[in-house]
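Scroll down for the structure; my scribbles are underneath it.
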Amino acid sequence: MLAPQTVGILGGMGPAAGADFVRLFVDACARLLRAHGQVVGDQAFPEHWLAQVPVPDRSGALESSESGAHQPLEPMLQALGRLAALGSRAVAIACNTAHAWHGTLQARFPQVEVLHVAREVSAHLAAQGVRGAALMATEGTYRVGLYAQAMADAGIACHLPLDEERRLLMRGIYDGVKAGDMALARSCFSRVALQLAHRHGPVAIVMGCTEIPLGLQGAAGTEGLDLLDPAQVLASALAARAYRGAPGHPP
């Protein structure tokens, strides 16, 4: 049997989210193997590389058009180049906001399929018949309309938080998860999630920043919410690319 193809993960934004994405990817590979009657063992998993590199803040960079060390594109290009040199045929970016530079990354490395998280999530929701979803994300993600455009293309209404709720999300991301204060993160994220559910009803709530699922897990009062982790969807998409074309695996 041919080995599955090599894939890569562009992480470091922040490191905990990149490390957690590897776990999600391995879990997705195991599910795919079992679904196709394959033995789950060490040798069945694809070669995959994690580029855990320091990348300047994406939301902050989107507030300024000036060039300089505060811009994240060059470090991402360098990391993607390393992943390509290692043989990665597909790459997932373990940061939602970083997809604002997706077009440039894909254009510079046409030999690598750079997955687009918002498009993968929108396709996943559309396949389930979802017609509306609420989005928890960073200011940068809102500013570039990353999910709003992808959901609109899929025929899905995208419900956005109010300004005060956005500030709470940013506090939970930066002062909470990134600073290691998970109690603060849970408080901020759960408040916004519950307010979105109250305002929009039983819609899917997309946790459109890789820090949000890390801080929202186990938060009191959120048990009945329909929370969707884009990282899980993206990890499943990367696993599907890894096994594409290998005998005994999905085409």
message = I need the minimum non-hydrogen distance between Gly208 and Ala137, along with the two atoms involved.
response = O-CB, 3.6 Å
task = For residues Met13 and Leu10, determine if any side-chain heavy atom of one lies less than 4.5 Å from a side-chain heavy atom of the other.
result = yes
query = Taking the side chain from Ser187 and the backbone from Ala183, do they hold a donor-acceptor pair closer than 3.5 Å?
reply = no
query = Roughly how far, to the nearest 0.5 Å, is the CG atom of Asp229 from the CZ atom of Phe21?
reply = 9.5 Å
key: Closest heavy-atom pair and its distance - Arg199, Pro161   = NH2-CA, 3.9 Å
query = Between His124 and Leu228, does a side chain to side chain contact (heavy atoms under 4.5 Å, CB included) hold up when you go through it step by step?
reply = CA-CA 10 Å; His124 174 80; Leu228 176 66; 4.1 Å; yes
key: Atom of Val55, atom of Met76 and distance for their closest heavy-atom approach   = CG1-CG, 4.1 Å
inquiry  = Between Arg166 and Leu160, is there a side-chain heavy-atom distance shorter than 4.5 Å?
reply    = yes
message = Quick check against the 3.5 Å criterion: does Gln52 have a side-chain atom that pairs as donor or acceptor with the backbone of Pro15?
response = yes
message = Under 3.5 Å, is there a donor on one side chain and an acceptor on the other for Thr141 and Thr97?
response = yes
inquiry  = With a 4.5 Å cut-off on side-chain heavy-atom distances among I, L, V, M, F, W and Y, is there a chain of contacts connecting Tyr243 to Val40?
reply    = yes
message = Do Ile9 and Val91 have side chains that approach each other closer than 4.5 Å (heavy atoms only, starting at C-beta)?
response = no
query = Which value, rounded to the nearest 0.5 Å, describes the distance between Leu216 atom CG and Glu211 atom CD?
reply = 13.0 Å
inquiry  = Do Leu24 and Leu238 land in one hydrophobic cluster if side-chain heavy atoms of ILVMFWY residues count as linked below 4.5 Å?
reply    = no
task = Working to the nearest 0.5 Å, report the span between CG of Leu169 and CE of Met136.
result = 5.0 Å
note = Closest non-hydrogen atoms of Ile156 and Ala126, given as atom of the first, atom of the second and distance, are CD1-N, 3.8 Å
key: Sub-4.5 Å side-chain heavy-atom contact between Leu80 and Ile93   = no
query = Can we say Arg191 and Glu164 salt-bridge, meaning some charged N sits less than 4.0 Å from an Asp/Glu carboxylate O?
reply = no
Sidechain-backbone polar pair: Gln5 side chain, Arg244 backbone, donor-acceptor under 3.5 Å = no
request  = Only one of Pro54, Cys95, Pro56 passes side chain to side chain contact (heavy atoms under 4.5 Å, CB included) with Pro72; say which it is.
outcome  = Pro56
Shortest non-hydrogen contact between Val112 and Ala84, atoms and distance = CG2-CB, 3.8 Å
Taking every non-hydrogen atom, the tightest pair across Phe45 and Val26 = CE2-O, 3.5 Å
ask   = Taking atom CD of Glu165 and atom CG of Leu194, what is their separation to the nearest 0.5 Å?
value = 10.5 Å
task = Kindly indicate whether the side chain of Val203, heavy atoms from C-beta on, has any atom under 4.5 Å from the side chain of Asp226.
result = no
query = Can you check side chain to side chain contact (heavy atoms under 4.5 Å, CB included) on Val206 and Met151, steps first, answer last?
reply = CA-CA 11 Å; Val206 177; Met151 287 187 188; 3.8 Å; yes
key: His200 and His159 aromatic ring geometry - parallel, tilted or perpendicular at 30°/60° bounds   = parallel
ask   = Are the side chain of Ser88 and the backbone of Leu83 linked by a donor-acceptor contact shorter than 3.5 Å?
value = yes
message = Do Leu168 and Phe189 have side chains that approach each other closer than 4.5 Å (heavy atoms only, starting at C-beta)?
response = no
Interatomic distance, Leu86 atom CG to His48 atom NE2 [nearest 0.5 angstrom] = 13.0 Å
remark   = Residues at least two apart in sequence or cross-chain that pass side chain to side chain donor-acceptor pair (under 3.5 Å) with Glu113, listed by chain then number, are Arg241
inquiry  = As an exercise, state the distance from OH of Tyr174 to SG of Cys188, rounded to the nearest 0.5 Å.
reply    = 14.0 Å
task = Start with the C-alpha gap between Trp101 and Leu62, add the side-chain angles, then the distance that decides, and say whether side chain to side chain contact (heavy atoms under 4.5 Å, CB included) holds.
result = CA-CA 10 Å; Trp101 292 271; Leu62 289 170; 3.7 Å; yes
Single-linkage hydrophobic cluster, 4.5 Å side-chain cutoff, Met182 and Leu184 together = no
message = Regarding Asp27 and Arg31, does a basic nitrogen lie under 4.0 Å from an acidic carboxylate oxygen?
response = no
ask   = Is the closest side-chain heavy-atom distance between His102 and Gln106 below 4.5 Å?
value = yes
inquiry  = Quick check: do Val177 and Ile212 have side-chain heavy atoms less than 4.5 Å from each other?
reply    = no
Whether Gln149 side chain and Tyr147 backbone form a donor-acceptor pair below 3.5 Å = no
task = Begin from the C-alpha positions of Met207 and Leu227 and carry the test side chain to side chain contact (heavy atoms under 4.5 Å, CB included) through to its verdict.
result = CA-CA 7 Å; Met207 298 180 289; Leu227 300 174; 4.0 Å; yes
